[in-house]
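Contents: one structure, followed by commentary.
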2 protein chains.
Amino acid sequence: MSTIRERNKELILRAASEEFADKGFAATKTSDIAAKAGLPKPNVYYYFKSKENLYREVLESIIVPILQASTPFNPDGVPSEVLSGYIRSKIRISRDLPFASKVFASEIMHGAPHLSADLVEQLNSQAKHNIDCIQSWIDRGQIAPVDPNHLMFSIWAATQTYADFDWQISAITGKDKLDEADYEAAAQTIIRLVLKGCEPD
Amino acid sequence: MSTIRERNKELILRAASEEFADKGFAATKTSDIAAKAGLPKPNVYYYFKSKENLYREVLESIIVPILQASTPFNPDGVPSEVLSGYIRSKIRISRDLPFASKVFASEIMHGAPHLSADLVEQLNSQAKHNIDCIQSWIDRGQIAPVDPNHLMFSIWAATQTYADFDWQISAITGKDKLDEADYEAAAQTIIRLVLKGCEPD
DNA sequence: GTCTATATCCAGATAGAC
DNA sequence: GTCTATCTGGATATAGAC
């Protein structure tokens with residue numbers, strides 16, 4: 001079990017996520033990935049066979065965290081706790097895995113051309129499950145009758161944006177990089193919007 | 001004033017926005033744009049000089065609508081009216097100009113490599129202006145002390161998502177295409193979240 | 001103004017020496 | 001396992017006939 005192998009694969013994966021996040025699949029050059037990893041280009045092919053394969057590894061690395069973030073959703077959970085937990089998880093993903101997160105968003109935006117139909121199906125059914133859960137809270141009068149689909153889309157978009165538009169957000173807030181307190185403030189703001197929006201009139 | 005020229009440019013621009021929105025700049029082939037426009041490829045170069053030029057025309061076509069959507073922001077305006085107006089304008093842009101809107105989001109996401117520094121500056125200062133406006137409402141006690149930056153990002157993300165993730169939203173809601181009523185429901189849901197979130201506790 | 005045929009370039013991928 | 005040198009395909013862009 002060569003430790004060099006693991007180390008190099010890791011170097012390449014890290015460099016690849018940054019490059020793919022920055023430029024997108026088509027505009028990324030494997031030579032740039034190799035350069036950023038500090039390795040010659042053929043090594044990239046030696047370890048990952050093709051650019052496409054490498055991209056898929058980056059892309060799929062984010063799926064498990066994304067699916068796990070939805071685990072709190074459960075009709076018998078307390079709505080305010082489930083929703084805040086979900087928002088915090090999604091913000092944490094944007095903060096801790098910004099590159100893969102961005103690659104994921106870009107992939108979905110362009111019709112998921114590199115994602116297996118199976119994974120797309122899992123993501124969609126997870127989303128539907130969450131929406132059904134919100135609907136059941138509405139049916140039982142636990143939250144106001146907001147549109148559960150649009151509520152879910154807003155939460156998804158608001159949390160995802162901290163990965164996708166990070167440099168833009170930094171430019172507007174005048175910070176070089178968002179720090180812990182910024183992510184906390186973001187989470188609190190989104191939680192406030194969602195929870196107050198779900199309160200009865 | 002050849003009317004053929006105008007017609008062909010229009011055909012190419014329309015085809016280009018769809019292709020660029022669908023695949024992104026790098027992955028789009030000018031031959032596909034030409035095919036979709038029903039014209040031979042050299043015509044694309046004849047009218048637009050380069051793929052990059054054509055892309056910039058599509059991209060810049062969305063800037064004016066985006067900037068205009070912010071015009072209601074004004075410290076002396078009524079917060080609830082300004083915010084709802086802005087949300088409705090942004091949703092309308094996502095609905096009426098879905099392709100250019102998506103091209104714009106993808107461009108910003110990847111660091112605006114094709115957008116002039118001047119336009120980037122205009123967009124940023126517009127955003128800062130909006131945020132300052134929200135802050136002045138807070139200072140005067142007209143709305144609750146939410147974080148104006150994060151409020152603005154949430155609104156931007158939630159409205160933009162209807163252009164960026166349209167097919168995904170359709171897949172989850174089970175509709176082939178979002179109709180007028182869906183956009184109206186989206187606007188109302190986002191307006192509810194924002195206005196209730198801005199109410200004092 | 002239009003379009004066929006072609007030049008040019010560049011990035012993905014690999015052969016083969018070490 | 002590693003990397004230099006090279007092949008090859010395909011996409012942008014254009015020359016030049018009509």
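On a predicted model such as this, the values are computed, not experimentally measured, just so you know. Just so it is clear: chains get the letters A, B, ... in the order the sequence lines come, proteins before strands, and each one is counted from 1.
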Grab the [atom1]-[atom2] distance between [X] and [N] for me, whole Å please.
{"X": "A:R5", "N": "D:dT2", "atom1": "CZ", "atom2": "P", "result": "8 Å"}
{"X": "A:R7", "N": "D:dT2", "atom1": "CZ", "atom2": "P", "result": "9 Å"}
{"X": "B:Y55", "N": "D:dT12", "atom1": "OH", "atom2": "C1'", "result": "17 Å"}
{"X": "A:F20", "N": "C:dA11", "atom1": "CZ", "atom2": "C1'", "result": "13 Å"}
{"X": "A:N53", "N": "C:dA13", "atom1": "CG", "atom2": "P", "result": "9 Å"}
{"X": "A:K51", "N": "C:dA13", "atom1": "NZ", "atom2": "C1'", "result": "12 Å"}
{"X": "B:K29", "N": "D:dT12", "atom1": "NZ", "atom2": "P", "result": "8 Å"}
{"X": "B:D32", "N": "D:dT12", "atom1": "CG", "atom2": "P", "result": "9 Å"}

Would you mind reporting whether B:R92 and B:Y183 have side-chain heavy atoms less than 4.5 Å apart?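 They are not in side-chain contact.
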
Taking the side chain as every heavy atom from C-beta outward, state whether B:Y86 and B:T159 have any pair of such atoms under 4.5 Å apart.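 They are not in contact (no side-chain heavy atoms under 4.5 Å apart), so the answer is no.
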
Q | Within 6.0 angstrom of A:D176 CG, more than 12 heavy atoms from elsewhere | A |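 Atom CG in A:D176 is not packed in, count stays at 12 or less.
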
Quiz item: Would the number of heavy atoms belonging to other residues, nucleotides or ligands and lying under 6.0 Å from CZ of B:R14 be above 12?
Solution: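 No, CZ of B:R14 has 12 or fewer neighbouring heavy atoms, counting only those of other groups under 6.0 Å.
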
Tell me whether B:E19 is salt-bridged to B:K29, with the criterion being a basic N under 4.0 Å from an acidic carboxylate O.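 B:K29 and B:E19: not salt-bridged.
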
Item to complete: Would you mind checking if B:D166 and B:K177 are paired as a salt bridge, meaning a charged N to carboxylate O distance below 4.0 Å?
Response: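 Answer for the salt bridge query: no.
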
Verify the contact: side-chain N or O of [X] to OP1 or OP2 of [N], cut-off strictly under 4.0 Å; return yes or no.
{"X": "A:Y45", "N": "C:dT14", "result": "no"}
{"X": "A:Y47", "N": "D:dT2", "result": "yes"}
{"X": "B:T30", "N": "D:dT12", "result": "yes"}

Tabulated below should be each protein N or O lying under 3.5 Å from an N or O of nucleotides 3-8 of chain D; please produce it.
{"unit_1": "D:dC3", "atom_1": "OP2", "unit_2": "A:N43", "atom_2": "ND2", "d": "3.2"}

Backbone N/O of B:V103 and side chain of B:S106: donor-acceptor pair under 3.5 Å: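 Looks like no, no N/O pair under 3.5 Å.
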
